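Data block below; observations after.
Numbers restart at 1 for each chain; the letters A, B, ... are given by sequence-line order, proteins then strands. Since we're looking at a predicted model, the values are computed, not measured.
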Amino acid sequence: MAREYTVNTLPATPKSDINYAADLNDQQFAAVTAPPGPSLVIAGAGSGKTRTLTYRVAYLLDNGIYAANILLLTFTNKASREMLERVEQLVPHDTQDLWGGTFHSVGNKILRRHAEELGFEKNFSIMDREDQKELLTTAIAESGINTKELNFPKPDVVADIFSLVQNMDCDMAELLEWKYPYFEHHLEPLQKVQEKYEEKKLATNSMDFDDLLIKTLQLFQENPNICQYYQKQFEWVLVDEYQDTNAVQSDLIDMLAAPHNNIMVVGDDAQSIYSWRGADFQNILQFVDRYEGARRFVIETNYRSVPEVLSLANAAIKPNRAQFEKNLAPARPDAEELPALIPVQDVRLQAAFVAQRILELVDEEGIEFSEIAVLYRAHYHSMEVQMEFTNRDIPFNITSGLRFFEQAHIKDVASFIKFAANRKDEVSFKRIVKMLPGVGPGTADKLWNQWVACPGYKDEKLAEFSEHMLDFKVPTKAKEPFAQFAYTMDELLDGKGGTEAPPAMMPSIIEGVYDDYMKAKFPNYDIRRQDLRQLERYSQDFTDVDEFLSQLSLLAGQDAVEANKQKKSNDTDVVTLSSVHQAKGLEYKVVFVIWLADGMFPSKKVIEHDDEDESGLEEERRLFYVAVTRAEDQLYLMYPLVWQGSYTGEVIQRPSRFLEDLPTDLTEEWKVGAASW
DNA sequence: GGGGCAAAAGTTTTT
DNA sequence: CTTTTGCCCC
C-alpha cells in the first residue's frame with residue numbers, strides 16, 4: 001500500500017519590476033547581486049546602506065528565494081519597520097512571511113518556542129531596567145550582603161556590570177579590573193549576587209533584555225538540532241549596522257550563518273557609537289578574516305549631503321586613528337552656503353536662535369517642520385529648546401529617554417496583565433500590591449510568600465485568584481482593597497487556566513481598581529488617563545497576551561506612539577528633537593547641533609577618564625560625525641559661551657575640541673546678538 | 001510603613 | 001542650589 005505524503009509548498013513570490021542596473025550605482029549593484037557566500041559592505045554615511053540592503057532582499061526574492069528563508073537583523077524597531085515596509089513596496093509578497101526585525105525581537109520569538117529547553121516557560125516575562133533593578137535588589141538582600149558596610153554598588157551599577165560581562169563575553173574579574181577598579185574587592189559578593197539573580201530569574205520565569213540574546217545563543221549551543229533547524233530556516237542572513245554588534249550578537253550571527261555562509265553585513269566603522277554597551281567594531285574590521293572568501297564592497301558615494309556638509313564631516317572624523325580609510329565623494333551639486341558656526345551668549349539665546357531660525361526657514365524657504373532636527377549629546381541639553389518651542393508654538397516631537405512603556409501608569413496597568421499571564425512574576429505581583437494602602441516592601445514580601453505557598457501558585461488550570469487570596473493574612477487597612485484586587489485579577493482569567501485577550505483585560509483593570517488609584521495618586525490624572533486610552537486602543541490589535549506584552553517591552557516609546565498616530569491622523573509635521581544616538585540612520589534637510597561646548601560634547605566624563613589610546617574620545621568624535629552627517633542641506637553648529645549652572649554659578653564654556661579641529665574655511669561664523677530681552 | 005530631618009548626589013548615550 | 005537617598009522614630 002502506498003504511503004501518503006504531503007509536501008507543503010509556499011506560493012511563488014511575484015516578481016518585482018525593479019531594474020537593478022538602472023536604479024543602483026556600480027558598487028551598490030555589485031553588492032546587491034553578489035553571489036551566495038559571505039559579503040561585507042562598508043558604506044559611508046548617506047551612501048544608501050538601507051537601499052542596498054532592501055534591494056538585496058528584493059533581488060533574492062526575485063531570484064526565487066522564499067521570504068521565510070531570509071533573516072534581516074536590525075538594531076532598532078524603527079529601522080526594522082522602515083526596511084520591511086520598503087521591501088513590501090518593492091516586492092509584493094503578502095502570501096509569505098519575511099521573518100526579520102531587531103536582534104531582541106527575533107531572540108524573543110525563538111525563545112518563546114523553546115523556553116522549556118532552558119528551564120523557562122513560554123509565557124516568561126520580559127523585565128525592563130526598572131524591573132531588573134527590583135529583582136536585583138531582592139537578589140542582593142537574599143545573598144545576605146551587608147551593602148552599607150562595604151560601600152557595595154547600587155543595583156543600577158550592578159545591573160550595568162552584569163550586562164557588560166554578558167555582552168562582552170568576558171570574565172567579571174577582567175571587567176572590574178578594566179572598568180570598575182574601585183569595586184575589585186567586591187568580586188566574590190558580586191558573583192554570589194549574579195548566581196542568586198540567575199536563580200531568581202528562573203524562579204520568577206522572567207528574562208531581562210540581555211537574556212533575549214544570551215539565552216538564544218545558549219539555546220543554540222546546547223541543542224545542535226534546534227540550531228540546525230534555524231540555520232536551515234534562515235538560509236540568507238542580512239545584518240544592518242554591523243559596526244554596532246557586540247560579542248553576543250556577533251556570535252549569534254556567526255552561528256546562524258555557519259553552514260551556508262550566505263551572509264551579508266552592512267556597516268560603517270566611522271559610525272560605531274555603542275561601545276559603552278559592549279559593541280566592538282573589531283567585528284567589522286575582522287569580518288574578512290573570520291569568513292573565508294568574503295567579498296568586500298566599499299560604497300563611497302554620498303547621496304545625502306551637499307558637498308559643504310560633506311567636507312566638514314570628512315574633516316570632523318579625520319583625527320581618528322582607528323578607522324578604515326574612506327573617501328566620501330559627493331553626488332550632489334554645491335549649495336553655495338557653508339555650514340554655520342554659531343557661538344551664542346547663553347543657553348537661553350541658543351534656544352531663541354534655534355526657534356527663530358526655524359520659523360524663518362519655514363516661512364521664507366518653504367521648509368517643513370518635519371524636515372528639521374535639533375540634535376544634542378544628552379537629553380537634558382534639550383530643556384531650554386523645549387521651553388522656547390512651547391512658547392513660540394513650534395510643534396515638536398521629542399525622542400525622550402522615557403519609553404512609553406516605562407511610564408509609571410503604563411507599567412502599573414501592564415503589571416496586572418503580566419501577573420495574570422505569568423503567575424511566577426514576583427516583580428509584577430509586588431508592584432501591584434504595593435499600590436494598596438498600607439502595603440510597602442515588607443508586606444509585599446509577606447503577601448508574595450503566601451502566594452508561593454498556596455496551591456493556586458502551582459495550579460495550571462487556575463480559574464480564580466480570589467479563592468486562594470481571600471484567605472491571606474493582610475493588614476487591616478489593606479483588607480478590602482486586597483480583596484478588590486483579587487476579584488479584579490479573576491476577571492483577567494478565562495476560567496480554563498489561561499487569560500482573557502488583552503483588549504478585554506484593559507477595562508477590568510482600569511475600571512476595576514486602577515482609575516481610582518490614579519485619581520488619588522497623580523496630579524496630572526487627565527494626561528495619564530489619555531495614555532491609558534491609547535494603550536487600550538493599542539491592545540485591540542492583539543489576541544495573544546504574550547505577544548502584546550512582548551511588544552510593549554520591546555517597542556521604544558516613539559514607536560508605540562507613532563504606531564498609534566499613523567492610524568489616527570497624519571499630523572506629523574513636527575520638528576524632531578533627539579539625542580544623537582537616537583538619530584542614527586535618519587536624515588533631515590536642516591540640522592541644528594546644540595551644546596557643542598567642551599565637557600558637554602565631548603562629555604566631561606570621557607575627557608577625564610579616557611585611556612591612553614583615546615578610544616573614548618574617538619567614539620565621541622564618531623558621535624559628532626554621526627550628528628553632522630544627518631544633514632542634507634543646512635547645518636548649524638552651536639555652543640553657548642556661558643552656562644548658568646544650577647549650583648555652580650556662571651561657568652565660561654570653551655567651544656568643543658571637535659569644532660577647534662575643523663579648518664576655519666569650512667564654516668561661516670555667525671554673530672548673534674540679542675535685540676532686547 | 002510613613003513622616004521628618006540630614007546628608008549626599010547631581011550631567012551621558014539604549015535594546 | 002535642588003532633588004533624591006538614608007536614617008531614625010513613631
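- Rounded to whole Å, the distance from CZ on A:Phe75 to C1' on B:dT15 is 9 Å.
- At the heavy-atom level, A:Phe103 lies nowhere under 4.0 Å from the strands shown.
- Of the residues near DNA chain B, A:Arg277 and A:Leu436, the one whose nearest nucleotide (by heavy atom distance) lies more toward the 5' end is A:Leu436.
- Listed by chain and number, the residues in a ring-ring contact (aromatic ring centres under 6.0 Å, His included) with A:Phe234 are A:Trp99 (sequence neighbours excluded).
- A:Trp595 and A:Phe601 have their aromatic ring centers separated by at least 6.0 angstrom.
- In this structure the side chain of A:Arg654 reaches within 4.5 angstrom of the side chain of A:Glu660, judged on heavy atoms.
- The aromatic ring of A:Tyr274 does not sit over the base of B:dT13; the criterion of centres under 5.5 Å apart with planes under 30° is not met.
- Rounded to whole Å, atom C1' of B:dT14 lies 9 Å from atom NE2 of A:His379.
- Here B:dG10 presents its P atom at 14 Å from CH2 of A:Trp643, a figure rounded to the nearest Å.
- There is no side-chain donor-acceptor pair under 3.5 Å between A:Glu142 and A:Thr138.
- Proximity of A:His104 to the phosphate of B:dT14: no side-chain N or O atom is located under 4.0 Å from OP1 or OP2.
- Each of A:Glu620 and A:Ala444 has a nearest nucleotide on DNA chain B; the 5'-most of these lies closest to A:Ala444.
- Scored by the ring-ring contact (aromatic ring centres under 6.0 Å, His included) test, A:Phe624 finds A:Phe658 as partners (sequence neighbours excluded).
- Helical stems involving DNA chain B, defined as 3 or more consecutive Watson-Crick or G-U pairs under 3.5 Å, span B:1-10 with C:1-10.
- In terms of the side-chain contact (heavy atoms from CB on, under 4.5 Å) criterion, residue partners of A:Val106 (sequence neighbours excluded) are, by chain and number, A:Leu71, A:Leu73, A:Ile110.
- For B:dT14, one of the phosphate oxygens OP1 or OP2 lies less than 4.0 angstrom from a side-chain nitrogen or oxygen of A:Ser579.
- One interatomic measurement links the two molecules: CZ of A:Phe209 to C1' of B:dT14, which rounds to 9 Å at whole-angstrom precision.
- Per the geometry, NE2 belonging to A:His581 stands 11 Å off P belonging to B:dT15, to the nearest Å.
- The nearest whole Å value for the distance from the CD1 atom in A:Ile126 to the P atom in B:dT14 is 20 Å.
- Regarding A:Lys154, its NZ atom lies at a distance of 12 Å from the P atom of B:dA8, rounded to whole Å.
- Residues forming a ring-ring contact (aromatic ring centres under 6.0 Å, His included) with A:Tyr376 (at least two apart in sequence, or on another chain): none.
- Each of B:dT15, B:dT11, B:dT13 was ranked by its minimum atom distance to the side chain of A:Thr76; first place goes to B:dT15.
- Checking B:dT13, C:dG6, B:dG1 against every side-chain atom of A:Thr443, the shortest atom distance belongs to B:dG1.
- Regarding A:Gln243, its CD atom lies at a distance of 15 Å from the C1' atom of B:dT13, rounded to whole Å.
- Among the protein residues, A:Gly599 comes within range of no part of the nucleic acid, since none of its heavy atoms lies under 4.0 Å from any strand.
- A distance of about 11 Å separates the P atoms of B:dT11 and C:dT5, rounded to the whole Å.
- Between A:Gln582 and B:dT14, a side-chain N or O to OP1/OP2 separation shorter than 4.0 Å is present.
- Applying the ring-ring contact (aromatic ring centres under 6.0 Å, His included) rule to A:Phe389 yields the partners A:Phe396; only residues at least two apart in sequence or on another chain are considered.
- Contact annotation for A:Pro441: backbone-only contact, meaning every heavy-atom pair under 4.0 Å involves sugar-phosphate atoms and none involves a base.
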